[in-house]
Amino acid sequence: MTETIISMELPAGGHLAIRRNRIRQEGEERNLSRISLVSGIHGDELEGQYICYETARRVKEHPEYLKGIVDIYPALNPLGIDMASRTVPRLDMDMNRMFPGDASGDMMERITATVVDSLIGSDICIDLHASDIFVREIPQVRLSEDFAEALLPYAKMTNADMIWMNATATVHESTLAHSMNLLGVPTLVLEMGQGHDIHRSFGNQIVDGIFHIMSEMGIWTGPEPKVQEPAISSDGEVEFIRSKSDGVFLPLIEHNHYVKKGDLIGEVVDPFEGTVKQQIRTAKGGLLFTLRAYPVVYEGDLLARILTE
């Protein structure tokens, strides 16, 4: 079976060869550095859709600067995106708990094995995620302890606000990122924003980081965006604030702010009685990087996370 290659001449000059999900200059592919962007493993997480779009748009705007390969996988779970479902519809399976897959296994195992096989050979892979509908996150890289040391230099180039070290609950053994790192492909997990939504400001921030990485790897020779120095944490430095009451949470602060010990960040109220059931105060100061976005809460629900000073 032959592959269809579309040659695209662009107003800025130069030609791009677009083959399936690959963008490169026309000509030889061997010895070119390659970055892969992956999104849509969870169908209710849409922040990565904008990042994939904006990356492709910027490359096509200045094709003369592209000296490597950009592979874009915007929708690994397309049915989930169509139905706004975290899992694969009808099967009710979390695709990001099925890697590295099995080429001889059942349907989903074969699919995930094919994804892994396609990503092999990337010089770096970026796995794009969003939060759920209940909380909003600042742009952050999440690293497992197993690969943190090797991945930290890449993570610092992403322009994220924060690097959460040892975030094992997000990048455990059956995820795409863990599997690719085991196979020798440096893979970062980026999480930002909120489920069912797109925040352009977060997306533009991370796209700047992607082009910074591409510049450092020789994939991109255009102007190199400047990136910020992220805050760096470990699990032991993150404070979880949970509701002690049922009710409606009314935040009194925006996330991505620094707070002091004892600051009032919100209230849980009773709409029927017209009373405040709980004032939410910080036990420690630091960076408020997660904040409840969905107002209805029950006892034990996560309200905020703080990277303590």
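If you chain together hydrophobic residues whose side chains sit under 4.5 Å apart, Leu119 and Ile35 never meet in one group. If you chain together hydrophobic residues whose side chains sit under 4.5 Å apart, Val59 and Leu32 never meet in one group. Cluster membership check: Phe99 shares its hydrophobic cluster with Leu91, using side-chain heavy-atom separations under 4.5 Å among Ile, Leu, Val, Met, Phe, Trp and Tyr. Under a hydrophobic-cluster definition in which Ile, Leu, Val, Met, Phe, Trp and Tyr are linked whenever side-chain heavy atoms come within less than 4.5 Å, directly or via other members, Val207 and Ile23 are assigned to the same cluster. Under a hydrophobic clustering in which Ile, Leu, Val, Met, Phe, Trp and Tyr are joined whenever their side-chain heavy atoms come within less than 4.5 Å, directly or via other members, Leu143 and Leu183 fall into different clusters.
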*With side chain to side chain contact (heavy atoms under 4.5 Å, CB included) as the test, would you mind laying out the steps for Asn77 and His42 before giving the verdict?*
CA-CA 6 Å; Asn77 178 9; His42 295 138; 5.9 Å; no

*Carefully, step by step, assess Tyr73 and Ser39 under the rule side chain to side chain contact (heavy atoms under 4.5 Å, CB included).*
CA-CA 6 Å; Tyr73 303 75; Ser39 185; over 6 Å; no

*For the pair Asp301 and Arg292, evaluate salt bridge (Lys or Arg N to Asp or Glu O under 4.0 Å) and give the outcome as yes or no after the intermediate values.*
CA-CA 9 Å; Asp301 281 348; Arg292 182 83 177 186; 3.7 Å; yes

*asked:* Using side chain to side chain contact (heavy atoms under 4.5 Å, CB included), reason through Thr114 and Val116 one step at a time and then give a plain yes or no.
replied: CA-CA 5 Å; Thr114 301; Val116 168; over 6 Å; no

*Could you give me the CA-CA distance, side-chain angles and deciding distance for Leu302 and Ile241, then say whether side chain to side chain contact (heavy atoms under 4.5 Å, CB included) is met?*
CA-CA 6 Å; Leu302 179 67; Ile241 300 177; 5.9 Å; no

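Counting only residues at least two apart or on different chains, the ring pair (Phe, Tyr, Trp, His ring centres under 6.0 Å) pairs with a member in residues 192-234 are Tyr65-Trp220, His199-Phe202, Phe211-Trp220.
Taking all atoms of both residues into account, the shortest heavy-atom contact from Val269 to Pro271 is O-CD, 3.5 Å. Scanning both residues, Leu176 and Ile41, for their nearest heavy atoms gives CD2-CD1, 3.7 Å. The shortest heavy-atom contact between Met157 and Val227 is O-CG1, 3.6 Å. Counting all heavy atoms, side chain and backbone alike, Glu237 lies closest to Ile232 at OE1-O, 4.0 Å.
The closest side-chain heavy-atom distance from Val88 to Met95 is below 4.5 Å. Side-chain contact between Val70 and Arg24 is absent, with no heavy atoms from C-beta onward closer than 4.5 Å. Using a 4.5 Å heavy-atom cutoff, the side chains of Thr308 and Val238 are not in contact.
Of the charged side-chain nitrogens involved, none lies within less than 4.0 Å of a carboxylate oxygen, so that Arg281 and Asp263 do not count as a salt-bridged pair. By the 4.0 Å N-to-carboxylate-O rule, Arg22 lies close enough to Asp71 to be salt-bridged with it. Using a cutoff of 4.0 Å between basic side-chain nitrogens and carboxylate oxygens, Asp102 and Arg110 are not scored as salt-bridged. Remark: Arg86 does not engage Asp92 in a salt bridge, criterion side-chain N to carboxylate O under 4.0 Å.
Thr275 places no side-chain N or O within 3.5 Å of a backbone atom of Lys277 that could act as its donor or acceptor partner. Side chain of Ser243 to main chain of Val297: no donor-acceptor pair is present (N/O by atom type, distance under 3.5 Å, no hydrogens or angles). Remark: side-chain polar atoms of Glu54 are not paired, donor with acceptor, to backbone N or O of Ile51 under 3.5 angstrom. With hydrogens and angles ignored, the 3.5 Å screen pairs a side-chain donor or acceptor of Thr112 with a backbone N or O of Glu109.
Atom CZ of Arg57 has more than 12 heavy atoms from other residues, nucleotides or ligands within 6.0 Å.
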Can you give each donor-acceptor pair under 3.5 Å made by side-chain atoms of residues 126-137, sequence neighbours left out, with the distance rounded to 0.1 Å?
unit_1, atom_1, unit_2, atom_2, d
Asp127, OD1, His129, NE2, 3.1
Asp127, OD2, His129, NE2, 2.9
His129, ND1, Glu45, OE1, 3.0
Ser131, OG, Val135, O, 3.1
Asp132, OD1, Phe134, N, 2.9
Asp132, OD1, Val135, N, 3.2
Arg136, NE, Gln194, OE1, 3.3
Arg136, NH2, Gln194, OE1, 2.8
Glu137, OE1, Gln140, NE2, 3.0
Glu137, OE1, Thr290, OG1, 2.5
Glu137, OE2, Arg142, NH2, 3.3
Glu137, OE2, Thr290, OG1, 3.3
Glu137, OE2, Arg305, NH2, 2.3

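At a cut-off of 3.5 Å, with distance as the only test, a side-chain donor of Tyr50 or Asn204 sits close to an acceptor on the other residue. When only modelled atom types and interatomic distance are considered, Ser245 and Tyr298 share no side-chain donor-acceptor pair under 3.5 Å.
Annotation: the span from Ser233 atom OG to Ile163 atom CD1 amounts to 9.0 Å, rounded to 0.5 Å. Rounding to the nearest 0.5 angstrom, the gap separating the CD atom in Glu229 from the CG atom in Asn159 is 11.0 Å.
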